[in-house]
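Structure first, then comments.
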Amino acid sequence: MRKSASLPNRTLTRITLVLLWLVARLPHRVALALGGAGGRLYLLFSRRRRRVARINLELCFPGLTRDEHQALLRDHFSSLGQGIVEMAIGWWTDLAPVLARTEMEGVEHLTAAAARGRGVVLLSAHFTGLELGGALLNTRMPFAVVYRKHEHPVIQRTLARSRARLFRRAIPRNDIRQMLKALKEGEIVWFAADQHPRKRSGVMAGFFGIPTLTSTAPSRIARASGSPVVPFFPHRLEDGGYVLRILPELEGFPSGDEVLDATRINRIIEDEVRRAPHEYLWIHRRFKTIAGPHGDPYAPFEADD
């Protein structure tokens, strides 16, 4: 269990947030360049996160060479740094200039699903640009966001204030009752289902060909609410813009088979990851529970969690 943030730690966090506030006001390309540089610096000093990401990349892309893995690792940490700056841009700046360079694909799928009046589960995954991507989509189709509480109190207060301002409402990840209430009232509820769940709320399903513990929450929420499920994924463009991809509603979901449903969602996320592999959140220990004789591939670092 992590200890509460000490006073020096809180002070350093506040200073970091002030610096992010300043960076967010720079020209967009300059801000992202600084974020990328910060991410590459983090790669050098964060031994544990670097190791977790490397293990994930080796598991998911076994066909790459050592040099290709290393290049993807560097690109990923650069993307992480950009994502933190983008988060600050979403929190503290006018989004109109960013919207002007944003493409929205498939908004008609979300509009049609929402028009049925049963709410919509907006299914997503942890890509590094998710926070800004969500804020951009929210300007077109307002929605509620499901979140996991941050351990650091200063960051959590900042997140709470910003999400309350940006989104229709913010729902704690374990508050299923509030999610269902929002869906019953016809709201769109944004939910990322790709992180390692508690064992009692997951099933073994393949992700990049690896059977791993996968959340059943999308199936359970869709079944309890009768709401359609629409996938949504944000990506960066090479010209400094963004594309928000909204896929067609999942037909025949839930199927009644939680393993089949979890496998289907994993495949959708996997296909999206392959479009921009450096943008996926590889520093998360996605494979803590995997099938096979080797057990937890991150075991030497379990004590640090």
Side-chain angles (χ1 to χ4, degrees), residues 20 23-24 28-29 31-32 35-36 39 75-111 113-114 120-148 150 158-159 162-171 173 187-195 218 229-248 265 268-284:
L20 280 173
V23 170
H28 193 74
R29 284 180 175 275
L32 289 190
D75 288 347
H76 172 57
F77 273 79
S78 179
S79 181
L80 278 174
Q82 290 175 330
I84 292 172
V85 168
E86 288 168 340
M87 188 181 301
I89 290 169
W91 288 349
W92 295 315
T93 71
D94 178 11
L95 290 178
V98 187
L99 278 168
R101 56 169 66 95
T102 299
E103 303 172 14
M104 296 195 184
E105 297 180 358
V107 175
E108 67 275 10
H109 302 310
L110 184 55
T111 302
V120 180
V121 177
L122 188 62
L123 182 73
S124 197
H126 288 83
F127 287 81
T128 57
L130 189 61
E131 193 83 19
L132 179 59
L136 292 169
L137 180 60
N138 185 75
T139 64
R140 177 80 173 266
M141 298 283 291
F143 56 85
V145 59
V146 176
Y147 72 95
R148 174 181 289 178
H150 200 282
T158 304
L159 285 168
S162 300
R163 287 170 177 163
R165 178 179 64 84
L166 287 170
F167 300 103
R168 178 166 283 178
R169 72 170 92 180
I171 303 172
R173 187 178 181 85
E187 293 188 35
I188 301 168
V189 176
W190 176 37
F191 182 82
D194 60 319
Q195 293 199 330
V229 177
V230 176
F232 157 63
F233 304 101
H235 294 292
R236 300 184 190 95
L237 298 173
E238 290 185 3
D239 64 0
Y242 299 88
V243 60
L244 309 182
R245 282 173 38 83
I246 300 170
L247 305 185
I265 287 174
I268 291 169
I269 295 171
E270 179 182 333
D271 288 345
E272 205 64 30
V273 171
R274 292 185 186 278
R275 296 175 66 93
H278 63 292
E279 293 184 2
Y280 191 60
L281 192 68
W282 295 113
I283 62 172
H284 171 64

Can you give me the closest heavy-atom contact between Ala125 and Ile269, atom names plus distance? CB-CG2, 3.8 Å

Does Ser124 use its side chain to pair, donor to acceptor, with the backbone of Phe232 at less than 3.5 Å? yes

Nearest heavy-atom neighbours spanning Gln82 and Leu32: CG-O, 3.4 Å

Determine which pairs satisfy salt bridge (charged side-chain N to carboxylate O under 4.0 Å, His left out) with at least one residue from residues 76-94, sequence neighbours left out, and list them in order. Glu86-Arg236

Please evaluate residues Phe127 and Glu272 with respect to the criterion side chain to side chain contact (heavy atoms under 4.5 Å, CB included), reporting the C-alpha separation (whole Å), side-chain torsions for both, the decisive distance (0.1 Å), and the verdict. CA-CA 10 Å; Phe127 287 81; Glu272 205 64 30; 4.0 Å; yes

Donor-acceptor pair, distance only, cut-off 3.5 Å: does the side chain of His76 make one with the backbone of Leu281? no

Can you give me the closest heavy-atom contact between Val230 and Leu247, atom names plus distance? CG1-O, 3.3 Å

Shortest non-hydrogen pair, Ala24 vs Thr93, comes out as O-CG2, 3.5 Å

Please evaluate residues Leu99 and Met104 with respect to the criterion side chain to side chain contact (heavy atoms under 4.5 Å, CB included), reporting the C-alpha separation (whole Å), side-chain torsions for both, the decisive distance (0.1 Å), and the verdict. CA-CA 10 Å; Leu99 278 168; Met104 296 195 184; 4.0 Å; yes

Look at the side chain of Arg29 and the backbone N and O of Asp239, then say whether any donor-acceptor pair between them is shorter than 3.5 Å. yes

Measure the acute angle between the ring planes of Phe167 and Trp190, then classify it against the limits of 30° and 60° as parallel, tilted or perpendicular. tilted

Checking Trp282 side chain against Phe77 main chain: does a donor-acceptor pair fall under 3.5 Å? no

